[in-house]
Amino acid sequence: MLLFLSVLILLIAACNHLQVPTIEIEALVSKLSEEEYDYVGTHGLDNPTKDDFRKFTFDFAVEHSTKTTRKFEFPERSIWKETTNKIDNLQDRYWFGKGYSRNNDSEHFANYVCEFVFLLKRVE
């Protein structure tokens, strides 16, 4: 019995030293604030309103131990634009966007954020 308990304690102690990466992913579509809408250029649209647009935010973050090997490849911002514009192939829906990434091998975390405004309303 003592041998069994010793092995069990060793296993529990060993498992506590293994760190599982913490991964957080958030994708959010939200309405624009008045300030954000004031920044949107609406040239070429008939009677545009704030409700014709939405903001998409994608946030990916990971933290890990020094023993974890990782390789992240995130889509370039041009891919988000191309994909958004292919929704119905009738018009350009991607309006403008920004983003950043922090993905260095020597760090114990990586972060990728992409945010863009797109036209929700279908223009005939």
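Note that CG of Leu32 is 8.0 Å distant from CZ of Phe53, once rounded to the nearest 0.5 Å. Atom-to-atom distance recorded for Ile87:CD1 and Phe118:CZ is 6.5 Å, nearest 0.5 angstrom. How far CZ of Phe60 is from CD of Glu24: 10.0 Å, rounded to the nearest 0.5 Å. If you take CG on Asn111 and CZ on Arg102, they are separated by 9.0 Å, rounding to the nearest 0.5 Å. A distance of 12.0 Å separates CD in Glu115 from CH2 in Trp80, rounded to the nearest 0.5 Å. Expressed to the nearest 0.5 Å, how far SG of Cys114 lies from CD of Glu76 amounts to 11.5 Å.
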**OP:** Any chance you could lay out the ring-ring contact (aromatic ring centres under 6.0 Å, His included) test for Trp95 and Phe116, step after step, and finish with the verdict?
**Re:** CA-CA 7 Å; Trp95 228 245; Phe116 62 86; over 10 Å; no
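Checked by atom type, the side-chain pair Tyr112/Asp59 shows no donor-acceptor distance below 3.5 Å.
More than 12 non-hydrogen atoms from other residues, nucleotides or ligands lie less than 6.0 angstrom from CG of Asp38.
The hydrophobic cluster containing Ile25 does not contain Leu28, counting ILVMFWY residues as joined when their side-chain heavy atoms lie under 4.5 angstrom apart, directly or transitively. Follow the hydrophobic side-chain contacts under 4.5 Å out from Tyr100 and you never reach Phe109; the two are in separate clusters. Criterion: ILVMFWY side-chain heavy atoms under 4.5 Å apart, direct or through other members. Under it, Tyr37 and Val117 are part of a common hydrophobic cluster.
Contact record, Thr84 with Tyr94: CG2-N, 4.0 Å, taken as the closest heavy-atom pair.
Residues Leu119 and Asp92 have side chains not in contact (no heavy-atom distance under 4.5 Å, counting atoms from C-beta outward). In this structure the side chain of Thr22 never reaches within 4.5 angstrom of the side chain of Val62, judged on heavy atoms.
For Thr49, the side chain to side chain donor-acceptor pair (under 3.5 Å) partners at least two apart in sequence or on another chain are Asp52. Residues passing the salt bridge (Lys or Arg N to Asp or Glu O under 4.0 Å) test with Lys50, sequence neighbours excluded: Glu34.
Contact check on Asp88 versus Arg93 returns a salt bridge, with a Lys/Arg side-chain nitrogen under 4.0 Å from an Asp/Glu carboxylate oxygen.
Remark: the backbone N or O of Glu36 is paired with a side-chain donor or acceptor of Ser33 at under 3.5 angstrom.
Ring planes of Tyr39 and Phe96: perpendicular class, angle over 60° (limits at 30 and 60°).
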